[in-house]
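In what follows, a single structure is set out as structure tokens and then discussed.
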2 protein chains.
Amino acid sequence: MTNQKSVSFQDIREEVIDRIQTRIWPQGSLLPTELELAAEFGCARATVNRALRELAEQGIVTRKRKGGTRVVTTPVKHAKLPIAVVRQTIEDMNAGYRYALVSRTLIDCPAWLQAKLGIPEGAQVLHLQCMHHADNRPFQFEERWINVNAVPHVMDEGFLTVGPNEWLLAEVPFSNAEIAFSAVPATGHLQEFLSVPTGTPLFQLERTTWFRNDPVTFVRMTFHQGYQMRTTY
Amino acid sequence: MTNQKSVSFQDIREEVIDRIQTRIWPQGSLLPTELELAAEFGCARATVNRALRELAEQGIVTRKRKGGTRVVTTPVKHAKLPIAVVRQTIEDMNAGYRYALVSRTLIDCPAWLQAKLGIPEGAQVLHLQCMHHADNRPFQFEERWINVNAVPHVMDEGFLTVGPNEWLLAEVPFSNAEIAFSAVPATGHLQEFLSVPTGTPLFQLERTTWFRNDPVTFVRMTFHQGYQMRTTY
DNA sequence: GAGTGGTCTAGACCACTAG
DNA sequence: TAGTGGTCTAGACCACTCC
């Protein structure tokens, strides 16, 4: 007896994926309406709705009122990259974490940063440089600028024992951000702090963060040689 | 009159985010139950459920049966990277796309690839090298290995005019994949095809793809100097 | 064992949009 | 303007897990 009380939205989601993969519903084709599918599967429309809604979020189908549900023609998949605090990333590798402050200076906001953050001229920013080690080997060099107006009591924090990343996460949680990944050559500070020859290719993550529409910080995180960021989709 | 017939799940989601950001519900704290929130907002429990479920998917709260809903202490945000076909990426930049096949060879699967794909010894793979240009400037060098057993009639395709990326997307749509991003130095083919000096840091994306649990392809895509992958979260 | 979230149902009204 | 998805409601039962 394989009877089940009711059809779950996950059953429907998988069945729909299967029909798409087996070309029962080819790319670009129109699916039956929610009502028709509900009748076919013997469940409520809400159940079908949830299944199809999730597939739409994944970018597998597109949905339009009156237009119906369609299998997308050129799938654009979304890789989900979990971005955690460096300490956690390192501890998840079962490595020992060590943090060190390199420099901490209050400066006038440079023009390039003003443009990036959209803050008024003459504003002051706190400029920080830090190192994050895994098992006493250089893991990440962090260079950060914090908008002092957005987080005034950042001036009371010395960042000697706790990194700005974690401090801000506790202070300004659940903010919005823009991220850019790139490959850069090791120069100046980087080659020095990450212990690599000049020009070594390094993986870099730049991030601008806002909290409730106020620009808070811009950070450039450069990883040790050979670092890979991985995910599934 | 700002009256509204009913409270939407989006209203609730935003109100909850607001209360978290303003520390009404600090990190680590327990939220009221769905029933309590439904009573407070004057809506059905299902509405509260959807709002909180989405926040849980975003990693802002964690939920456990009997344990209730809790604000997470160390947020792990998920950056969503849209991964499209190269042609589309280039066309979205309003640049002209050009594709060129560099080489196409049937080979015995090398040991490292056997391990990566988990395919039997002695299997054959199609090895391809291609270039993708944007406005006649090198944009991406693609090196790919295709499991011939998984897609037999790949042998009928010359890949002279259509890239393997697009061909596979049409042939084997909605597959699963593992991705790794890294920074690599330009060497051998790379410096040649991307027109950069030896050792230039380049952004690279490696991806292994399965279709219905069968390994299909492994691809290494190396981008032109200075390429950035961007997203919001 | 009891409390909480997870899900399904049946019905309703609304909002968008293709024809 | 008619058809489709988008959402809300009120109620129900279930599954997990903390105490």
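Below, chain A is the first sequence line, B the second, and so on; all start at residue 1.
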[N] OP1/OP2 closer than 4.0 Å to side-chain N/O of [X]:
X: Gln10(B); N: dT7(D); value: yes
X: Asn49(A); N: dG6(D); value: yes
X: Thr69(B); N: dG5(C); value: yes
X: Lys64(A); N: dC16(C); value: no
X: Thr47(B); N: dT9(D); value: yes

Give a yes or no on whether the backbone of [Y] and the side-chain of [X] come within a donor-acceptor separation of less than 3.5 Å.
X: Asn147(A); Y: Pro215(A); result: yes
X: Glu206(A); Y: Phe181(A); result: no
X: Lys77(B); Y: Ser175(A); result: yes

Next on the checklist: For His133(A) and Phe139(A), I'd like to know if the aromatic rings sit close, meaning centre-to-centre distance below 6.0 Å.
Outcome noted: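 Ring-ring flag for His133(A)/Phe139(A): false, centres at least 6.0 Å apart.
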Rounded to whole Å, how long is the line connecting atom [atom1] of [X] with atom [atom2] of [N]?
X: Arg70(A); N: dG5(D); atom1: CZ; atom2: P; result: 11 Å
X: Phe9(B); N: dT7(D); atom1: CZ; atom2: P; result: 5 Å
X: Leu30(A); N: dT4(D); atom1: CG; atom2: C1'; result: 10 Å
X: Glu34(A); N: dC8(D); atom1: CD; atom2: P; result: 14 Å
X: Leu35(A); N: dA2(D); atom1: CG; atom2: C1'; result: 15 Å
X: Leu52(B); N: dC8(D); atom1: CG; atom2: C1'; result: 16 Å
X: Lys66(B); N: dG6(C); atom1: NZ; atom2: P; result: 15 Å
X: Arg65(A); N: dT1(D); atom1: CZ; atom2: C1'; result: 16 Å

Item to check | Lys/Arg N to Asp/Glu carboxylate O, Asp18(A) vs Arg212(B), below 4.0 Å | outcome: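 Yes.
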Item to check | Glu34(A)/Arg63(A) ion pair, N-O < 4.0 Å | outcome: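 A salt bridge links Glu34(A) with Arg63(A).
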Checklist entry - Nearest of dT17(C), dT7(D), dC8(C) to any side-chain atom of Arg50(B)? => result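 Within the option list, the nearest is dT7(D).
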Item to check | Among dT9(C), dC18(D), dG5(C), the one nearest Arg63(B) by side-chain distance | outcome: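 Out of dT9(C), dC18(D), dG5(C), the nucleotide with an atom closest to Arg63(B)'s side chain is dG5(C).
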Next on the checklist: Run through DNA chain C and report every stem of 3 or more consecutive Watson-Crick or G-U pairs, distances under 3.5 Å, ordered by first number.
Outcome noted: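 Consecutive-pair runs (3 or more) involving DNA chain C: C:1-18 with D:1-18.
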Next on the checklist: We want to know whether Asp92(B) and Thr89(B) form a side-chain donor-acceptor pair, criterion being a heavy-atom distance below 3.5 angstrom.
Outcome noted: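 Side chains of Asp92(B) and Thr89(B): no pair found under 3.5 Å.
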Checklist entry - With a 4.0 Å cut-off on heavy atoms, is Glu36(A) in touch with a base, just the backbone sugar-phosphate, or nothing at all? => result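 The answer is nothing, as Glu36(A) stays clear of every strand by at least 4.0 Å.
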Next on the checklist: Can you work out whether Arg53(A) or Gly67(A) has the more 5'-proximal nearest nucleotide on DNA chain D?
Outcome noted: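 The answer here is Gly67(A).
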Checklist entry - If you pin Ala46(A) and Gly68(A) to their nearest nucleotides in DNA chain D, which one's is more 5'? => result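 Counting from the 5' end, the first nearest nucleotide belongs to Gly68(A).
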Next on the checklist: Against the six-membered ring of Phe159(B), is Arg104(B) placed for a cation-pi contact (under 6.0 Å from the centre, within 45° of the normal)?
Outcome noted: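 No.
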Next on the checklist: For a quick check, tell me whether the side chain of Arg45(B) and the base of dG6(C) share a donor-acceptor pair closer than 3.5 Å.
Outcome noted: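 Side chain to base: pair present.
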